[in-house]
Amino acid sequence: MRWYARNRRTLPWREDPSPYRVWISEIMLQQTQVRTVLPYYERFMRRFPDIRSLASAAESEVLAHWAGLGYYARARNIRRAALVIEDRYSGDLPQTYEELVSLPGIGAYTAGAILSIAFNQPFPVVDGNVRRLIRRLQGMRTPPGEKLFWEIAAAWIPKGRAADFNQAVMELGALICTPARPRCPSCPVQAICEARRRCWECSIPEPRRRQPAEGIGLAILLLERNGRILLSSTPAADFIPGMWGLPAIQVEDQGSAEEAAQDLARRITGGSAMPADPFMIRHAITHRRIVAAVFRADCTEAPGKGTTARGYRWFERTDALRHITSSLYRKALRYRR
DNA sequence: GAGACGTGGAC
DNA sequence: TGTCCAAGTCT
């Protein structure tokens with residue numbers, strides 16, 4: 001709570017936490033980051049400053065003020081809820097859990113948020129931040145059932161401090177106990193954090209295990225003629241970006257890079273250059289480890305007229321560098337000579 | 001408890 | 001560049 005008092009962000013719904021303003025902010029904040037919500041919230045509040053203005057507005061106009069925020073059922077629901085509030089609760093947000101969750105768009109989280117933040121009632125909130133914080137503080141490597149989260153969050157609430165406490169926990173999750181690279185050295189509760197103690201802060205939640213990379217063999221040609229470099233516009237594989245690249249071909253699993261390179265060179269130049277003596281480079285492109293053999297050859301005697309195959313062009317080195325967008329080929333060029 | 005629902009930011 | 005994730009709810 002002391003940390004929160006010093007580090008809380010100044011937010012419009014915090015400066016004036018009326019039930020209506022808290023309600024709208026909580027709906028907008030569902031699965032949406034604070035920074036994204038801010039401009040929408042200000043604009044929405046200017047147009048719909050209270051429940052009555054919202055209830056009497058056309059759905060299309062409410063949606064227009066939501067355009068770009070996503071999850072548009074939220075906008076339709078708050079308007080429907082406003083209508084219910086107008087004729088069932090005489091225009092005031094109800095103050096019991098049962099009544100709140102019965103309103104469209106309000107679930108367990110939002111009901112708890114309204115009751116605690118706007119009315120300071122001791123109801124827990126469990127969002128992504130709270131789940132992460134509970135799991136880390138308690139050292140839970142495997143996620144517990146949803147029920148346990150709610151029980152712990154409820155047990156944590158200090159008497160009479162629900163409003164600030166719930167926001168403090170979420171603020172801590174948003175600013176310090178972040179999903180990736182938590183800022184443990186700045187954390188006010190690091191001393192009582194089980195994950196911190198056991199160095200599990202990076203394994204809770206379980207790091208995304210990436211699918212094993214596929215190994216790929218490539219033969220690349222580095223053909224030069226009078227200081228120019230031969231580039232190809234036919235990609236060697238669909239995962240290599242860019243329009244232009246070095247001439248290259250994929251080497252089959254048991255195939256020989258040497259043969260592949262010479263086949264390719266024959267097709268391009270009609271046999272005037274025989275590349276040999278490759279050097280190897282390694283490169284990674286999403287889920288693929290590429291091992292490439294780069295074959296050099298000088299085409300000092302110009303290949304016969306028209307023998308350079310279609311889709312290939314000679315470029316000055318600086319032009320070539322400008323046209324090549326894949327760092328795989330840039331890597332190959334760096335080792336020239 | 002899955003799966004749909006949107007969009008933008010971070011890595 | 002591909003994924004994950006964000007102050008969740010509803011079916």
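Values reported hereafter were calculated over all heavy atoms of this structure, with side chains retained and with hydrogens, waters and symmetry mates removed. Here is the naming used below: chain letters follow the sequence lines, and residue numbers restart at 1 for every chain.
Between the CG atom of A:D127 and the P atom of C:dC5 there is a distance of 14 Å, rounded to whole Å. Regarding A:I204, its CD1 atom lies at a distance of 14 Å from the P atom of C:dC5, rounded to whole Å. With rounding to whole Å, A:F165 atom CZ is found 16 Å from C:dA7 atom P. Atom P of nucleotide C:dA7 and atom CH2 of A:W13 are separated by 11 Å, given to the nearest angstrom. C:dA7 atom P lies 8 Å from atom CD of A:Q31, rounded to whole Å. One can place CD1 of A:I114 at 12 Å from C1' of C:dA7, the figure rounded to the nearest angstrom. Between the OH atom of A:Y109 and the P atom of C:dA6 there is a distance of 12 Å, given to the nearest Å. Going from atom CZ of A:R131 over to atom C1' of B:dG1 covers 13 Å, rounded to whole Å.
Of all heavy-atom pairs spanning A:E224 and A:W314, the tightest one is C-CZ3, 3.8 Å.
Nucleotides C:dA7 and B:dA4 are separated by 23 Å at their P atoms, to the nearest Å. B:dG6 sits 14 Å from C:dT11 when the P atoms are compared, rounded to a whole Å. With both ends at atom P, the span from B:dC5 to C:dT1 equals 26 Å, rounded to whole Å.
Ranking C:dA7, C:dG8, C:dC5 by closeness to the A:E171 side chain, first place goes to C:dA7. Comparing B:dA10, C:dA7, C:dC5 against the side chain of A:P205 picks out C:dC5 as the nearest. The side chain of A:L11 approaches C:dA7 more closely than any other nucleotide in the set C:dA7, C:dC5, B:dG9.
Nearest-nucleotide mapping onto DNA chain B: of A:Q33 and A:Q30, the residue sitting toward the 5' end is A:Q30. Both A:V101 and A:N129 sit near DNA chain C, but only A:N129 has its closest nucleotide nearer the 5' end. Nearest-nucleotide positions on DNA chain C place A:R132 closer to the 5' end than the other of A:I27 and A:R132. Ranked by how close their nearest DNA chain B nucleotide is to the 5' end, A:Y40 and A:R181 are led by A:Y40.
Open room surrounds CZ on A:R52; 12 or fewer heavy atoms of other groups in view lie less than 6.0 Å from it.
Atoms CG and CG, on A:L328 and A:L333 in that order, are 10.0 Å from each other to the nearest 0.5 Å. In this structure, CG on A:L93 lies 5.0 Å from CD1 on A:I114, to the nearest 0.5 angstrom. Note that the CG atom of A:L223 and the CD1 atom of A:I229 stand 10.0 Å from one another [nearest 0.5 Å].
Between A:W13 and A:Y41, the angle of the ring planes goes over 60°, which puts this pair in the perpendicular group of the 30/60° scheme. Using cut-offs of 30° and 60° for the angle between ring planes, the A:Y20 and A:W23 rings count as perpendicular.
Here the options are A:I106, A:I27, A:I85, the test is side-chain contact (heavy atoms from CB on, under 4.5 Å), and the partner is A:I78; only A:I27 passes.
Regarding contacts with the backbone of C:dA6, every side-chain N or O of A:R35 stays at 4.0 angstrom or more from both OP1 and OP2.
For DNA chain C, the neighbouring residues in residues 59-76 of chain A, judged by any heavy atom under 4.0 Å, are A:Y71.
Residue contacts for A:T110: at a heavy-atom cut-off of 4.0 Å it reaches the sugar-phosphate backbone alone, with no base atom in range.
A:T32 contributes no side-chain N or O that forms a donor-acceptor pair with the base of C:dG8 under 3.5 Å.
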